[in-house]
Amino acid sequence: MHCNMNSMVWRLVLLALILFALKTVILHPFPGFWWIQQKGIYWTAASATPAFQSSVRKDKFLEVPQIAWGLNNQKIAFARACLTARLLNRTLLMPSLSASLFYKEVELLEAVPFNKIFQFERFNTMCNGFIQLGRYSDLLNQTKPFELQKGSGRKWTKEKDLHQLEQCKEDSVDKFELIRIVGKNPFLWHDHWPVTDYAKIFECLSFVEEIEEEAVKVISKIREVGAKARSESFAHDHTSGSLIQSVPYIAVHMRVEKDWMIHCKKLEQRLNINQICSNKTEITQRVAKISVLQKPIVVYLAVADSLLEDNSILSGWQQGLLPFEKKKLGVWDIYKKYPYLVQSAIDYEVCLRADVFIGNSYSTFSSLIVLERTLKLIKIGVTRSCGREARLSSYAYNIVGKDGGPQSWMTDFSASSLQSISYGSNNVSCESKVLQSNWK
């Protein structure tokens with residue numbers, strides 16, 4: 001009896017070991033993932049945090065319509081397309097962007113490939129395991145595409161949108177090699193992901209070298225003008241050529257164009273607030289109250305020249321603040337040879353690299369610049385810019401801050417959606433809430 005009991009115990013132990021081994025091999029071949037079966041088998045990230053997946057399927061694809069509107073609306077729409085592909089565990093086929101700004105007349109949109117604006121290979125390297133971009137040549141065309149009509153209008157809710165995407169994970173749709181999303185601008189409205197997920201994608205986006213080089217030319221000209229002004233003001237200050245690149249400058253995203261003024265006034269009426277529109281006088285007076293850098297200093301005005309009706313934007317600035325826009329700076333020849341999208345990309349880089357940036361918190365362009373600048377500060381251990389007299393400071397001129405100046409501004413990375421960035425907010429703070437571990 002004693003022998004029989006020992007034999008039974010060892011058999012049970014052996015059976016337990018075999019079951020444990022099978023569970024490890026079958027259910028957990030990759031750490032951090034769940035094996036989920038819903039009429040089919042899918043690999044799904046265990047959480048919605050920026051932690052990268054071990055792989056992205058390269059035999060299943062997602063195709064989206066041409067992306068439209070302004071540069072940063074296109075960046076957000078692209079990021080949403082990426083995150084949709086991630087949700088479906090598919091490779092996103094490289095989308096077309098829009099070089100022009102005719103967003104209401106789709107037939108007038110001038111298509112431009114993604115890799116003419118952003119670095120394709122670098123994106124895949126930086127976002128490896130999180131998002132994968134593919135080329136149309138990767139398709140095997142083994143099955144006809146499954147066309148997914150995205151809803152639109154007021155009746156199409158965020159919940160309906162997410163439910164529709166979840167249904168595409170079922171085997172009846174997932175079996176298709178290609179899911180083709182159709183509809184008008186389907187990625188500009190509904191948001192299902194936290195700010196940190198968007199930030200990961202924006203980190204992977206780099207403009208092509210041609211755009212980077214043009215931005216460097218503009219910045220060099222700004223610093224050169226600033227160095228000359230300083231040498232004239234201070235007889236002892238003769239900045240050498242090698243030090244010109246360290247001469248600071250301020251960048252102001254000056255939203256006073258006719259299209260913006262129409263939009264912001266309507267938005268103020270709808271939201272019943274008065275902190276969106278700012279005229280030239282308000283902007284110049286508030287910028288003058290920023291004292292973080294020594295004067296004289298160049299103030300670069302990023303403005304859409306073709307939509308500008310106010311020719312006096314260079315007047316009314318406080319002594320020591322030297323306002324320049326493209327034409328006065330002598331760099332219009334750099335801009336005019338490119339379509340709108342590239343011009344905006346150059347301005348984006350010029351503002352992003354400024355020592356101090358001042359924008360409008362209801363502008364997507366300004367908001368994404370502050371997002372990237374905040375991320376740079378977080379990576380060097382700075383999560384609070386209140387009263388901080390240092391470079392990479394950002395401000396919102398449409399909100400009155402301390403001493404009547406513009407409100408200090410950092411992006412809140414703890415937000416559960418991109419609402420405040422893609423649609424704007426007057427809830428602007430000089431502190432950023434974020435888990436440092438997300439950005440190691």
Side-chain angles (χ1 to χ4, degrees), residues 32 45-53 56 67 70-87 92 95 114 117-120 122-133 187-188 190-207 253 345 348-349 351-354 357 359 361-385 392-394 396 408-425 427-440:
S47 69
T49 65
F52 286 3
Q53 295 180 197
V56 177
I67 294 173
L71 170 68
N72 288 283
N73 280 317
Q74 291 189 52
K75 287 174 68 175
I76 288 176
F78 169 75
R80 285 179 176 163
C82 285
L83 292 169
T84 299
R86 175 176 165 80
L87 177 69
L92 177 67
F114 173 88
I117 305 297
F118 299 102
Q119 296 183 42
F120 175 85
R122 187 178 189 279
F123 179 89
N124 274 345
T125 299
M126 294 288 291
C127 269
N128 181 37
F130 187 64
I131 300 293
Q132 178 74 32
L133 284 183
F187 288 100
L188 290 175
H190 297 290
D191 176 24
H192 311 297
W193 299 277
V195 169
T196 47
D197 278 6
Y198 284 97
K200 280 291 184 186
I201 294 172
F202 296 146
E203 271 196 296
C204 301
L205 282 174
S206 297
F207 292 117
H253 181 217
Y348 185 91
E349 282 298 304
C351 291
L352 180 64
R353 303 182 192 191
F357 172 72
S361 66
Y362 280 85
S363 163
T364 306
F365 185 96
S366 294
S367 295
L368 292 198
I369 287 173
V370 174
L371 182 148
E372 286 202 52
R373 290 169 68 88
T374 300
L375 184 54
K376 291 177 185 293
L377 288 173
I378 289 173
K379 286 192 171 184
I380 60 173
V382 178
T383 58
R384 179 181 173 88
S385 64
L392 280 181
S393 298
S394 301
S408 186
W409 184 8
M410 293 185 80
T411 299
D412 179 8
F413 280 101
S414 69
S416 60
S417 76
L418 210 61
Q419 173 73 28
S420 63
I421 293 174
S422 55
Y423 297 103
S425 171
N427 185 22
V428 172
S429 170
C430 57
E431 294 186 69
S432 180
K433 300 174 184 177
V434 66
L435 293 175
Q436 294 269 1
S437 59
N438 285 339
W439 306 109
K440 288 183 179 179

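Quantities reported herein were computed from a predicted structural model and do not represent experimental measurements.
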So which atom in Thr411 and which in Ser367 form the shortest heavy-atom distance, rounded to 0.1 Å? OG1-O, 4.3 Å
If you look at every heavy atom in Leu188 and Ala77, which pair is closest and at what distance? CD2-CB, 3.5 Å
Any side-chain heavy atom of Trp409 sitting closer than 4.5 Å to one from Thr374? no
Evaluate whether the separation between SG of Cys82 and SG of Cys127 stays below 2.5 angstrom. no
In terms of heavy-atom contacts, Met126 and Glu203 come closest through CE-O, 4.0 Å
Before giving the answer on side-chain contact (heavy atoms from CB on, under 4.5 Å), spell out for Leu133 and Phe120 the whole-Å C-alpha distance, their side-chain angles and the decisive distance to 0.1 Å. CA-CA 8 Å; Leu133 284 183; Phe120 175 85; 3.6 Å; yes
Kindly say whether Asn72 contributes a backbone atom to a donor-acceptor pair with the side chain of Tyr348 at under 3.5 angstrom? no
Between CZ on residue Phe365 and NZ on residue Lys75, distance to nearest 0.5 Å: 9.0 Å
Nearest 0.5 Å please: distance from the OG atom of Ser429 over to the CE atom of Met410. 9.0 Å
Distance col, row Asn124:CG vs Leu92:CG, nearest 0.5 angstrom, shows 10.0 Å
Is it true that Ser385 and Ser408 share a donor-acceptor pair across their side chains at a distance under 3.5 Å? yes
Give a yes or no on whether the backbone of Ser361 and the side-chain of Ser366 come within a donor-acceptor separation of less than 3.5 Å. no
Should the ring pair Phe207 and Phe118 be called parallel, tilted or perpendicular, given that the plane angle runs from 0 to 90° and is split at 30 and 60? parallel
Measure the shortest side-chain to side-chain distance between Leu368 and Glu372 over non-hydrogen atoms and say whether it is less than 4.5 angstrom. no
Hey, are the side chains of Val195 and Leu418 touching, using non-hydrogen atoms and a 4.5 Å cut-off? yes
Start with the C-alpha distance between Phe130 and Leu83, add both sets of side-chain angles, then the distance that settles side-chain contact (heavy atoms from CB on, under 4.5 Å), and finish with yes or no. CA-CA 9 Å; Phe130 187 64; Leu83 292 169; 4.2 Å; yes
Taking the side chain as every heavy atom from C-beta outward, state whether Ile378 and Ser432 have any atom pair closer than 4.5 Å. yes
Determine whether His253 and Ile369 make a side-chain contact, defined as any pair of heavy atoms from C-beta on separated by less than 4.5 Å. no
Would you confirm whether Arg373, through its side chain, and Leu352, through its main-chain N or O, come within 3.5 Å as a donor-acceptor pair? yes
Got a donor-acceptor contact below 3.5 angstrom from the Asp191 side chain to the Trp193 backbone? yes
Distance, nearest 0.5 Å, that separates CG of Asp412 from CG of Asn427: 8.0 Å
Are the side chains of Phe123 and Ile201 in contact, using a 4.5 Å heavy-atom criterion? yes
What verdict does the side-chain contact (heavy atoms from CB on, under 4.5 Å) test give for Ile67 and Phe114, after you've listed the backbone C-alpha separation in whole Å, the side-chain angles of each residue and the deciding distance to 0.1 Å? CA-CA 10 Å; Ile67 294 173; Phe114 173 88; over 6 Å; no
Can you give me the closest heavy-atom contact between Phe78 and Pro95, atom names plus distance? CD1-CG, 3.8 Å
Gap separating the CD atom of Gln74 from the OG1 atom of Thr364, nearest 0.5 angstrom: 11.5 Å
Under 4.5 Å between any side-chain heavy atoms of Ile76 and Phe202, yes or no? yes
Nearest non-hydrogen partners of Cys204 and Arg122, listed with the distance: O-NH1, 4.2 Å
Worked verdict on Phe413 versus Leu371 for side-chain contact (heavy atoms from CB on, under 4.5 Å): CA-CA 8 Å; Phe413 280 101; Leu371 182 148; 4.0 Å; yes
